[in-house]
Amino acid sequence: MKETKSSDPSLEDEDDDDDKLVVEDYHSDDEASKCDDDDSKEKEDEPHVTKIYYCSRTHSQLSQFVHEIQKSPYSETTRVVALGSRQNLCINETVKKLKSLSLVNDRCLEMQKNKKEPKKDQLQKKAKKQKIPSTGCPYYNQNNMDMYKDSVAAQIHDMEQLLTRGKELKACPYYSTRYAIPGAQVVVLPYNTLLHKSTREACGIHLEGNVVIIDEAHNLVETISNVYSVEVNGAQLCRAHSQLSQYMEKYRSRLKAKNLMYIKQIVQVLASWIRCLGGRIGCAPDTQKTGPASSKLFTINDFLFTTQMDNINLFKLQKYCERSHISRKLNGFVEKYQPPMVKIQEPEEPQQTGMTRFLQEISKKTSEKKEEPQVLEKIDDEYQAFSSPLLHIEGFLLALTNADKDGRVVISKQDFLSQSRLKFLLLNPAVHFQDVVKEARAVIVAGGTMQPVDEFKHQLLYCAGVQEDRIAEFSCGHVIPPDQLLPIALTTGPSGVDFNFTYQSRDTPKMMDEVGRVLVNVSNVVPGGVVIFFPSYDYEKLIYSHWEKTGVIARLGMKKKVFREPRKANQVDFMLGQYTSIIEKACSGGVQSGGMNGAILLCVVGGKMSEGINFSDNLGRCIVMVGLPFANIKSPELKEKMDYLNATMPSSNGKTPGQIHYENLCMKAVNQSIGRAIRHKGDYATILLLDSRYARSSIQSKLPGWIARRLQTIQKFGPAFGAIRKFFVERRPSSSKADTS
């Protein structure tokens, strides 16, 4: 019997909503997308003025740059716009609390869609049922955003001011700043926005004829590799497979043949990836054992053959995902119907799967600590249960369209399917940087610790097709006079122990004791803050535990309060505040009661303190680098990168490109860490490099020029201690006054 439409208005509304969830007809793989937003078309019609794109690593660094423009004589005549992610620029409290960037993006796009045709009664019912607002975003108002755009053009705003202005005008800062790009003369944006091609295009950024400045570019090679490297876990694959299968079954009669064909292909791809991780279709991933832990590495073609995907045209499938917005449609479907993780072959069995248990945990709101199902990402918000990971998985699909030689796929199995993962590693970042180099009028790559630069030129510029005569290098010394920096490479400790921090010898008690003796002596003569960098968190934990037992921590505490770098990012500001407060009290009154003269901070290379934190003036009078932080040579990812470089790059000075890359990774990390001191022309500090290998010319040549030129290599601790003591005695306010009198 043929189904007829009910006259019930609520059912008609539900049918209308379902119409929005069904993907539009997909006629041809070569046909341009019919779903392009009118706003993006308007933006493309608006003429672009010649501009400078300035990008850096963090939003705080971008804000510093904007402040410098505001203080400059050009602030009144230069139109500047700062871009950021939704996570940084969203002012909708409901969306902001989602915390995960992918969830914020998905929710924002859904609210835009709902804004076009609001149905208040129905949306209110849904909101009560799901506890999730389903109305459109009140800040996505075109008139208000036009006013906001004009305001940004008239006056320079940093990130905080953009948020404040958005709240005042009730306009979305994220979209308003994007609309202001065509008329801006300077666009300030994060790395990822400029370096990721699809993000660049989505934001309406045109590089043709414009200047690109990439600041803090010491890790640019690794940054591009990370931007295009994608990881998906078994929980995400199972959730996407279950959701898309249910979506296909529900709308099968309404989907055109081409749509149905591509959706079936996506389901097939997801199933093949789950099986390659050792999982089964239709079972909760947090209960499926796939161990023991193992890791295998494949070329792209080998991975496609292994997963039996070699007969699928990934380029067409990826284009379909992009043009049909299937991930957005699926997200709306998941939000509306909240489908549980079910066994597709036996849909009538309502077993308590991972998704169901997660929803029950939410409804009970128990405070008991249980083993959370791994099906869902651990996010502190209910919206996670109503989202789909397909958009993230599309990124992995796109990564597989890279050339076979430019990437590798790692299949990493863990004890459970939910923890197992697939990871794409980009080995040739130049393939994605060449668009930037070819389109822009000029590319300026800048940084305070760019050494060593040869590898950078080979891996990024030469491989991107840049001719050597197009590259101009400029390097200058530091603004401080030579006598305001004392760098020392120390090869032995106070009791004559040779500083050899190789993996085999660094854990010995005598080595850890010797480092403790150095720090106790240094703490007596260095005022203010002493910042120590260790190669890893594990080694910092080991040496701290040893020092507690042997009394070194107690001895250090007699002169300086000891702080440790926290692992959790939300604890960093509190710890730094305490560290700063102790030093300010000690230095403002000379010496604190009990003989305290400052604080010591134990940090980790590559951690939260080694980049972006300025230990200026008394906060960092001495930087101590313990050993050389070489990466784990047994890492399959690092080994594959080294093998790739050996096969594609020329050798230099008797060393293979892989060896050079391995050393450079270490030295770039060292340079970033020791560069935390000396932040302005009146600053002064000493740098202590503890390892006999720092005496080698091959290592010293990779230090920043302004440090290497002043570096003293000292074999014995006595002369080194004397030089440090003299350095700070000469800078005591009391001694300078006595000399003048």
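- Distance CD/Gln459 to CD1/Ile224: 10.0 Å, rounded to 0.5 Å.
- Defined by atom type and a distance below 3.5 Å, a donor-acceptor pair is present between the side-chain atoms of Asp158 and His67.
- Residues Ser651 and Thr656 have side chains that never bring a donor and an acceptor to within less than 3.5 angstrom of each other.
- In this structure, the side chain of Thr193 does not engage the main chain of Leu189 through any donor-acceptor pair within 3.5 Å.
- Heavy-atom minimum distance, Ala669 versus Ser673: O-OG, 3.0 Å.
- Cation-pi geometry between Arg506 and Tyr539 is met: the NZ or CZ atom falls under 6.0 Å from the ring centre, inside 45° of the normal.
- Across every non-hydrogen atom of Ile471 and Lys457, the tightest pair is CG2-CD, 4.3 Å.
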Donor-acceptor pairs under 3.5 angstrom involving side-chain atoms of residues 703-710: please list them, not counting sequence neighbours.
| unit_1 | atom_1 | unit_2 | atom_2 | d |
| --- | --- | --- | --- | --- |
| Arg710 | NE | Pro482 | O | 3.4 |
| Arg710 | NH1 | Trp706 | O | 2.6 |
| Arg710 | NH2 | Ile480 | O | 3.3 |

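- Distance check: Tyr54 OH to Gln61 CD gives 7.0 Å after rounding to the nearest 0.5 Å.
- Within the 4.5 Å cutoff, the side chain of Val624 has no heavy atoms near those of the Val531 side chain.
- Closest approach of Trp547 and Met512 over heavy atoms only: NE1-O, 2.9 Å.
- Relative to the ring axis of Phe728, Arg621 does not place its NZ or CZ within 45° and under 6.0 Å from the centre.
- Using a 3.5 Å distance cut-off with no hydrogens or angles, the side chains of Asn597 and Lys560 do pair a donor with an acceptor.
- Glu216 and Tyr191 are not linked by any side-chain donor-acceptor pair at a separation below 3.5 angstrom, with hydrogens and angles left out of the test.
- Shown here for Cys463 and Ala430, the closest heavy-atom pair between the two residues is CB-CB, 3.5 Å.
- Ring geometry for His458 against Tyr462 counts as perpendicular: the plane angle is over 60°, on a 0 to 90° scale with 30° as the lower cut.
- At a threshold of 4.5 Å between non-hydrogen side-chain atoms, the residues Ile532 and Val626 count as touching.
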Discussion item. Between Val522 and Thr686, does the side-chain contact (heavy atoms from CB on, under 4.5 Å) criterion hold? Intermediate values first, please.
Written reply: CA-CA 11 Å; Val522 167; Thr686 181; over 6 Å; no

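- Around atom NZ of Lys561, no more than 12 heavy atoms belonging to other residues, nucleotides or ligands sit under 6.0 Å away.
- No donor-acceptor pair under 3.5 Å is formed between the side chain of Asn653 and the backbone N or O of Lys655.
- Between the side chain of Asn632 and the main chain of Lys634, a donor-acceptor pair closer than 3.5 Å is present.
- Looking at Leu576 and Phe563, their side chains never come closer than 4.5 Å, going by heavy atoms from C-beta outward.
- Interatomic distance, CG of Asn500 versus OG1 of Thr502, reported as 4.0 Å (0.5 Å rounding).
- No donor-acceptor contact under 3.5 angstrom links the side chains of Thr508 and Ser505, judged on distance only.
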Worksheet item: Taking it one step at a time, do Glu637 and Ser635 satisfy side chain to side chain donor-acceptor pair (under 3.5 Å)?
Response: CA-CA 5 Å; Glu637 290 93 340; Ser635 162; 3.2 Å; yes

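- Shown here is Arg564, whose CZ atom has more than 12 heavy atoms of other residues, nucleotides or ligands within 6.0 Å.
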Fill in: Residues Asp406, Leu427; criterion side-chain contact (heavy atoms from CB on, under 4.5 Å); working and verdict
CA-CA 5 Å; Asp406 291 336; Leu427 299 179; 5.8 Å; no

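- Contact check for Ile699 versus Met667: side-chain heavy atoms found under the 4.5 Å cut-off.
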Fill in: Working for side-chain contact (heavy atoms from CB on, under 4.5 Å), residues Val431 and Asn428
CA-CA 6 Å; Val431 72; Asn428 181 16; 4.0 Å; yes

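- For the atom pair Leu542 CG and His546 NE2, the distance stands at 8.5 Å (nearest 0.5 Å).
- Summarising the geometry, atom CD1 belonging to Ile543 is positioned 9.0 Å from atom CD1 belonging to Ile553; distances are rounded to the nearest 0.5 Å.
- Note on Glu640 versus Arg408: salt bridge recorded, some NZ/NE/NH1/NH2 to OD/OE distance being below 4.0 Å.
- Looking only at atom types and distance, the side chain of Asn88 has a donor-acceptor partner in the side chain of Ser85 under 3.5 Å away.
- The two residues Ser692 and Thr491 have their closest heavy-atom pair at CA-CG2, 3.9 Å.
- Using bins of under 30°, 30° to 60° and over 60° for the plane-to-plane angle, the ring pair Phe615/Tyr579 lands in the perpendicular bin.
- Between the side chain of Tyr694 and the main chain of Gly627, a donor-acceptor pair closer than 3.5 Å is present.
- Arg555 pairs in a side-chain contact (heavy atoms from CB on, under 4.5 Å) with only one of the listed residues (Val520, Thr550, Leu519), which is Val520.
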Practice prompt. Given side chain to side chain donor-acceptor pair (under 3.5 Å), test Ser495 with Glu514 step by step and report yes or no.
Written response: CA-CA 7 Å; Ser495 62; Glu514 198 73 348; 2.5 Å; yes

Fill in: Leu486 vs Tyr684, side-chain contact (heavy atoms from CB on, under 4.5 Å): CA-CA, chis, key distance, verdict
CA-CA 8 Å; Leu486 176 63; Tyr684 60 91; over 6 Å; no

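- The nearest pair of heavy atoms linking Asp683 to Ser616 is OD2-CA, 3.6 Å.
- Looking at Phe717 and Leu490, their side chains come closer than 4.5 Å, going by heavy atoms from C-beta outward.
- Considering only heavy atoms from C-beta on, Thr290 stays 4.5 Å or farther from Leu277 through its side chain.
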Worksheet item: Taking it one step at a time, do Gln578 and Thr580 satisfy side chain to side chain donor-acceptor pair (under 3.5 Å)?
Response: CA-CA 5 Å; Gln578 288 188 312; Thr580 303; over 6 Å; no

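- Using a 4.5 Å heavy-atom threshold, the side chains of Glu540 and Glu565 count as separate.
- Residues Ser295 and Ile411 have side chains not in contact (no heavy-atom distance under 4.5 Å, counting atoms from C-beta outward).
- Distance check, rounded to the nearest 0.5 Å: OG1 of Thr492 to NZ of Lys716 gives 5.5 Å.
- Judged purely by atom type and a 3.5 angstrom limit, Ser420 uses its side chain to pair as donor or acceptor with the backbone of Gln414.
- Remark: the Thr713 side chain and the Gln700 side chain contain an N/O donor-acceptor pair separated by less than 3.5 Å.
- Of the N and O atoms on the side chains of Glu160 and Ser63, not one donor lies less than 3.5 Å from an acceptor on the other residue.
- Below 30°, between 30° and 60°, or above 60°: for Tyr228 and His196 the angle between ring planes is below 30°, a parallel geometry.
- In terms of modelled atom types and a separation under 3.5 Å, the side chain of Arg693 and the main chain of Phe501 share a donor-acceptor contact.
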